[in-house]
Amino acid sequence: MGNLDNSDGDSIGDELDILHVDMDAFFAAVEVLDDQSLKGRPVIVGGSGSRGVVAACTYEARAFGVRSGMPMFRARKVCPQGVFLPGRFKRYVELSRELHVVFETFSPFVEPISLDEAFLDVSGAHLLFGSSLEIAKSLRKEIYGKLSLNCSVGIGRTRLVAKLASKKAKPNAKRVPGIGYFEDGIYRVGSDDEKKFLFSLNVGEVWGIGPVTTSSLEKMGVHTVEELSKVEYQVLVSKFGIAKAAWLKSITSGSTQEQLVSKTESKSVSHEETFNTDLDSHSTLDIHLVRLCDAVTRRLRAGKLKASTVVLVLKYSDFTRITRQIKLASPSNDPRTFLKEARSILSQIDVSSGIRLIGVSASGLLEAGGIEDQLSFEEINLEYESQDNLIEAIDEIRAKYGLNSLGPASINGSNTLKAKEHGDNQWG
DNA sequence: TCTGGGGTCCTAGGACCC
DNA sequence: TCTGGGGTCCTAGGACCC
């Protein structure tokens with residue numbers, strides 16, 4: 001449909017209204033932007049500890065085989081001439097905000113996926129900006145003009161198609177000739193091309209099909225989306241459950257257009273830390289627990305939130321991950337409450353086999369001061385009230401003088417170096 | 001020198017109530 | 001006294017994403 005007016009199949013009103021915009025090598029590209037001497041070099045952004053992984057890398061680094069998610073030690077091995085940087089999360093957030101301002105000038109319907117990625121529904125923008133392809137071109141131009149950063153844009157009828165299309169728009173993507181339309185960082189999948197496009201993909205390329213599902217499907221002899229389309233629904237149900245089977249089927253059945261979701265409230269706030277070497281004593285773990293409870297509740301307070309559930313996360317040396325949660329008597333963002341509950345959970349867990357990671361997560365979030373947020377009898381106690389004032393004062397001092405200006409005793413004591421390193425490596 | 005950190009959603013099982 | 005189903009809430013784990 002709507003493919004009669006010109007050779008690339010671009011036209012107004014053919015319902016290809018979803019754009020997926022994805023910055024190219026975002027974190028690494030920002031580092032090059034801010035230090036032009038890095039231009040053309042293999043820049044790798046990632047954790048600086050011995051157990052860090054690659055968060056992003058330039059295409060020059062990819063040429064050496066570096067990939068995001070790869071352990072840093074391996075990246076250093078395959079690319080010893082690389083420029084390894086710890087990353088500057090605040091700077092990425094800053095540019096992300098500018099990016100989203102540009103998005104908003106093209107459509108009021110924006111669904112952010114991450115700092116550097118979003119869906120745009122441009123169905124109402126054609127009169128102003130032209131066809132979806134023309135909008136994509138203007139968008140790329142505008143983003144480069146404002147941020148001096150490159151992005152890739154996928155155009156399709158649904159979010160899934162647009163998302164998969166933007167991958168094919170990337171500088172190093174392999175594209176199948178005769179499917180879709182590619183031009184300068186933009187890949188457009190027309191309605192009449194959609195089935196051919198999806199069927200050409202391996203199942204593992206699909207957004208939402210990860211390594212585990214891919215391997216299950218491959219064991220069934222299913223490697224491509226085309227092969228997946230031929231599998232009986234009931235077979236998928238028995239293998240993956242109803243929800244996932246229905247979703248897998250929807251990939252190939254040409255699902256209808258979904259509404260974009262512009263903004264959602266966070267459902268949890270968490271911090272976790274992987275140690276350079278495994279820890280096997282409660283007392284050492286406790287030092288980290290103090291800091292994590294402090295960090296999580298600080299973020300809750302900054303967002304004017306309280307949590308009704310505290311979750312302790314542990315990862316053992318063998319990568320087994322366990323979670324233990326406790327529901328609070330009343331919602332809280334008080335580090336003392338969090339620490340008390342987290343400690344009581346931790347005390348019941350055998351850590352002698354070695355703990356690689358510890359984390360604290362807050363869920364069941366409520367606005368602080370909401371109707372569910374009545375004071376408990378304990379909190380009405382005057383002594384507590386004065387300590388709450390103290391916590392507020394600490395937050396203010398930190399806002400003025402920086403996060404490390406004040407903190408729990410354990411941060412300012414023997415663990416200072418560690419705390420600083422943690423601060424430098426924060427991703428969010 | 002093995003494999004981050006911050007999230008979301010789904011599932012399964014048990015407790016409890018009707 | 002035995003049997004049983006459904007609904008809801010909670011917990012733990014797992015898959016997946018960037």
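Note: hydrogens, waters and symmetry copies are ignored here, and every other heavy atom, side chains too, is used. The sequence lines fix the lettering, A, B, ..., with proteins before strands; numbering per chain opens at 1. Treat the numbers as computed from the prediction; the structure is a model and nothing was measured.
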If you look at every strand shown and take non-hydrogen atoms under 4.0 Å, does [X] touch a base, only sugar-phosphate, or nothing?
| X | answer |
| --- | --- |
| A:Gly241 | nothing |
| A:Thr213 | sugar-phosphate |
| A:Val269 | sugar-phosphate |
| A:Val206 | sugar-phosphate |
| A:Lys77 | base |
| A:Arg76 | nothing |
| A:Ser266 | sugar-phosphate |

Side chain of [X]: nearest nucleotide among [options]?
| X | options | result |
| --- | --- | --- |
| A:Ile322 | C:dC18, C:dC16, C:dG13 | C:dG13 |
| A:Phe73 | C:dC16, B:dC10, B:dC2 | B:dC2 |
| A:Val53 | B:dG4, B:dG6, B:dT8 | B:dG4 |
| A:Lys163 | C:dG13, C:dT11, C:dC18 | C:dC18 |
| A:Lys244 | C:dG13, C:dT11, C:dA15 | C:dA15 |
| A:Glu117 | B:dG4, C:dT11, C:dC18 | C:dC18 |
| A:Lys327 | B:dT11, C:dT11, C:dC16 | C:dT11 |

Quick check against the 3.5 Å criterion: does [X] have a side-chain atom that pairs as donor or acceptor with the backbone of [Y]?
| X | Y | result |
| --- | --- | --- |
| A:Arg159 | A:Ile18 | no |
| A:Glu273 | A:Ile358 | no |
| A:Lys249 | A:Val231 | yes |
| A:His282 | A:Leu346 | yes |

[X] vs [N]: side-chain N/O to OP1/OP2 distance below 4.0 Å:
| X | N | answer |
| --- | --- | --- |
| A:Arg356 | B:dC2 | no |
| A:Thr274 | B:dG5 | yes |
| A:His271 | B:dG5 | no |
| A:Arg51 | B:dT3 | yes |
| A:Trp207 | C:dC18 | yes |

Provide, to the nearest angstrom, the distance between the [atom1] atom belonging to [X] and the [atom2] atom belonging to [N].
| X | N | atom1 | atom2 | value |
| --- | --- | --- | --- | --- |
| A:Lys267 | B:dC10 | NZ | C1' | 12 Å |
| A:Leu160 | C:dC16 | CG | C1' | 14 Å |
| A:Phe240 | C:dA15 | CZ | C1' | 11 Å |
| A:Ile113 | B:dG6 | CD1 | P | 20 Å |
| A:Phe89 | C:dC18 | CZ | C1' | 10 Å |

Please figure out whether A:Ser317 or A:Ile242 has its closest DNA chain B nucleotide nearer the 5' end.
-> A:Ser317
Between A:Arg74 and A:Ser268, who's closer to the 5' end of DNA chain B by nearest nucleotide?
-> A:Arg74
Mind checking whether A:Phe103 and A:Phe109 have ring centres under 6.0 Å apart?
-> no
Residue-level proximity of residues 225-236 of chain A to DNA chain C when a heavy atom falls under 4.0 Å |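 Contacting residues: none.
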Test side-chain hydrogen bond (donor to acceptor under 3.5 Å, both in side chains) on A:Ser114 and A:Asp116 and set out the steps.
-> CA-CA 5 Å; A:Ser114 68; A:Asp116 74 317; 3.0 Å; yes
Compute both the distance and the angle, then confirm whether A:Arg188 meets the cation-pi test with A:Tyr181: under 6.0 Å from the six-membered ring centre, within 45 degrees of the axis.
->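 No, A:Arg188 does not sit over the ring of A:Tyr181.
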May I ask you to establish whether A:Arg76 and A:Phe84 are in a cation-pi arrangement, using a distance under 6.0 Å from NZ or CZ to the six-membered ring centre and at most 45° from the ring axis?
-> yes
Whole-Å P distance, B:dT3 and C:dC18 | 23 Å
Mind checking who B:dC18 pairs with, Watson-Crick or G-U wobble, both distances under 3.5 Å?
-> C:dG5
Mind checking whether A:Thr214 and A:Asn202 have side chains closer than 4.5 Å, heavy atoms only?
->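 The answer is no, as the side chains (C-beta and beyond) never meet within the 4.5 Å cut-off.
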